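First the structure, in the form of structure tokens, and then the observations on it.
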Number of protein chains: 2
Amino acid sequence: MHTLAEENYLKAIYKLSLQGNSVSTNQIATALATKASSVTDMMRKLAEKMLINYTRYQGVSLTETGQKVAINIIRKHRLWEYFLVEKLNFKWDEVHEMAEEMEHISSNELIDRLDEFMGHPARDPHGDPIPDSNGNFKKIDLKPIATIAVNEGGVISGVRDHSAVFLQYLEKQQLTIGKHITVKDIIAYDNTVVLQMDNNTLQISREVANNLLITYDKI
Amino acid sequence: MHTLAEENYLKAIYKLSLQGNSVSTNQIATALATKASSVTDMMRKLAEKMLINYTRYQGVSLTETGQKVAINIIRKHRLWEYFLVEKLNFKWDEVHEMAEEMEHISSNELIDRLDEFMGHPARDPHGDPIPDSNGNFKKIDLKPIATIAVNEGGVISGVRDHSAVFLQYLEKQQLTIGKHITVKDIIAYDNTVVLQMDNNTLQISREVANNLLITYDKI
DNA sequence: TAATATTTTTAGACTTGTCTAAAAATATTA
DNA sequence: TAATATTTTTAGACAAGTCTAAAAATATTA
Ligand SMILES: [Mn+2]
Ligand SMILES: [Mn+2]
Ligand SMILES: [Mn+2]
Ligand SMILES: [Mn+2]
């Protein structure tokens, strides 16, 4: 239906649309590690195919159709990641690159059966929600640990940085999805966050606290 | 490592090498539904990369490396087909096209884990042997039903024609992998083969008998 | 073996997706 | 608001993979 390049552009535009309205050429170029001129070329192609709204110099947004395609790719990506972790025992820091390839396998029947085979998982290994076959999924309200106050807490539910180094670090600290943490202190000097988890105390840097997301406890 | 096009050419050359020695440009063109001129172009590229032995006008053969690559693609194809049938409940006539895409997922670690997850299957859903991770597999001696004599028989173990129509026909006649058949008669007029299977008798055409393979009973 | 037929290669063109360098438009700032 | 900086687009080129048409090599057959 669509080429691999088109799919990657649509996915990038979708993700960039989440924080902010229209997406700029340079943002897309950065996200895809390509050049602005290449992006412009592709924008004309995608606009031609009615997958994006594009007026030059004005940035782009996805059409209804474009968004459906993008969400479908994300669905495939996350289901394959779940498969790799839950069925093939890969670690959560090992699956992203493989899923980048697998998300382009075209059959929707295949992905629906995979979904069923795994019992319709709601989240991928990184806590990201998996859209259903109609493209519906609720974006849960996640907050970086950095934004919550002392003596408040929540359940680790997602990450902002999906890089292997970051995921490996979290794994080592046992800061994994589902764990409950409480902020015990924020050190004034450098904003290091002191956490309580289980019966241990541990410290994480401001940067880590910015990239680790929790579902905030109802108080 | 290799492009999708290169992988498809190597696989085609490998399969064509099985019956006969050096493979001709036209054979490859036919197998890949492309033109002879395109094949020549690619042959230069593959020869450059030391994946085939090529002297112009003389046909080609795979190098050691080329053969390893080809067998690895076939391994992936067959393991994915097995997965689709055994885990996702697809029928044997539905999986080939999906596997044509999936065989290009690059990770060998992934395919080795998939292999392990499924318990190292020896054959794909069509009876074709699955190479192990070192590329080793025994080609079993299969014979078309058309070649065996009256009152002899064997176990259905493979097909020569992998088309959906043929597989669907076999399914309907319950002529599936693992069934034991005996040739009871060969009708002189048109070489229709009369089979006994379980306690039933059925007739298959010469063409079907040519494309349905058995492991011959030791007598 | 010479004429003819077939196969294979070459030449030149096209598409997709990319790039660099330069031009045009927009945004910033003095 | 005018000058400057930044962003985006255009122009032209390139690699991969494909095609058609024509030329060259090989195979067939009279
Ligand atoms: Mn991922
Ligand atoms: Mn993920
Ligand atoms: Mn197949
Ligand atoms: Mn098969």
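What you see is a predicted model; the values in this text were computed from it and never measured. All chains are named by letter (A, B, ...) in the order of the sequence lines, taking the proteins before the strands, and each is independently numbered beginning at 1.
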Please work out if A:Ala5 contacts a base, only the sugar-phosphate, or nothing of the nucleic acid, heavy-atom cut-off 4.0 Å. sugar-phosphate

Could you check whether the side chain of A:Ser24 and the base of D:dT8 have a donor-acceptor pair of N or O atoms closer than 3.5 Å, going by distance alone? no

D:dA16 OP1/OP2 closer than 4.0 Å to side-chain N/O of B:Lys45: no

Output yes when at least one side-chain N/O atom of A:Ser37 is less than 4.0 Å from OP1 or OP2 of D:dA11, else no. no

For D:dA30, which nucleotide in any strand shown is its Watson-Crick or wobble partner with both distances under 3.5 Å? C:dT1

Gap between atom CZ of A:Arg206 and atom CG of A:Asp190 - 0.5 Å precision: 10.0 Å

Please report the distance, rounded to the nearest Å, between NZ in A:Lys35 and P in C:dT16. 23 Å

Measure NE2/B:His2 against P/D:dA16 and give the value in whole Å, please. 14 Å

Validate the cation-pi geometry between B:Lys87 and B:Phe117: distance from NZ or CZ to the six-membered ring centre under 6.0 Å, angle to the ring axis within 45°. yes

Separation of C:dT10 atom C1' from B:Met42 atom CE, nearest Å, is 17 Å

If you look at every strand shown and take non-hydrogen atoms under 4.0 Å, does B:Ser38 touch a base, only sugar-phosphate, or nothing? base

Under a 3.5 Å cut-off for both contacts, is D:dA13 paired Watson-Crick or G-U wobble with anything, and if yes, with which nucleotide? C:dT18

Counting only side-chain heavy atoms from C-beta out, which of D:dT10, C:dG17, D:dC19 sits nearest to A:Arg56? D:dT10

Euclidean distance, atom CG of residue A:Asn26 to atom C1' of D:dT9 [Å, nearest integer]: 12 Å

OP1, OP2 of C:dA23 versus side-chain N and O of A:Tyr57: anything below 4.0 Å? no

Nearest-Å distance, CD1 (B:Ile28) to P (D:dT18)? 12 Å

Tell me the interatomic distance from B:Gln27, atom CD, to C:dT8, atom C1', rounded to whole angstroms. 13 Å

Within 45° of the six-membered ring axis of A:Phe90 and under 6.0 Å from that ring's centre, is NZ or CZ of B:Arg113 located there? yes

Watson-Crick or G-U wobble partner for C:dA23, using a 3.5 Å limit on both distances? D:dT8

A:Glu103: which of A:Lys76, A:Arg75, A:Lys11 passes salt bridge (charged side-chain N to carboxylate O under 4.0 Å, His left out): A:Lys11

Looking at D:dA16, I'd like to know if its phosphate oxygens (OP1 or OP2) sit under 4.0 Å from a side-chain N or O belonging to B:Tyr9. no

Using side-chain contact (heavy atoms from CB on, under 4.5 Å), reason through A:Thr34 and A:Met42 one step at a time and then give a plain yes or no. CA-CA 11 Å; A:Thr34 185; A:Met42 184 58 92; over 6 Å; no

To the nearest 0.5 Å, atom NZ of A:Lys45 lies from atom CD1 of A:Ile52 at 11.5 Å

Using whole Å, what does the distance between atom P of nucleotide D:dG17 and atom NE2 of B:His104 come to? 12 Å

Between C1' on C:dT10 and CG on B:Asp41, what's the gap in Å once rounded to a whole number? 9 Å

Using OP1 and OP2 only, check whether a side-chain N or O of A:Thr25 sits under 4.0 Å from D:dT9. yes

Minimum-distance nucleotide to A:Thr3 side chain [options: D:dT18, C:dG17, D:dT10]: C:dG17

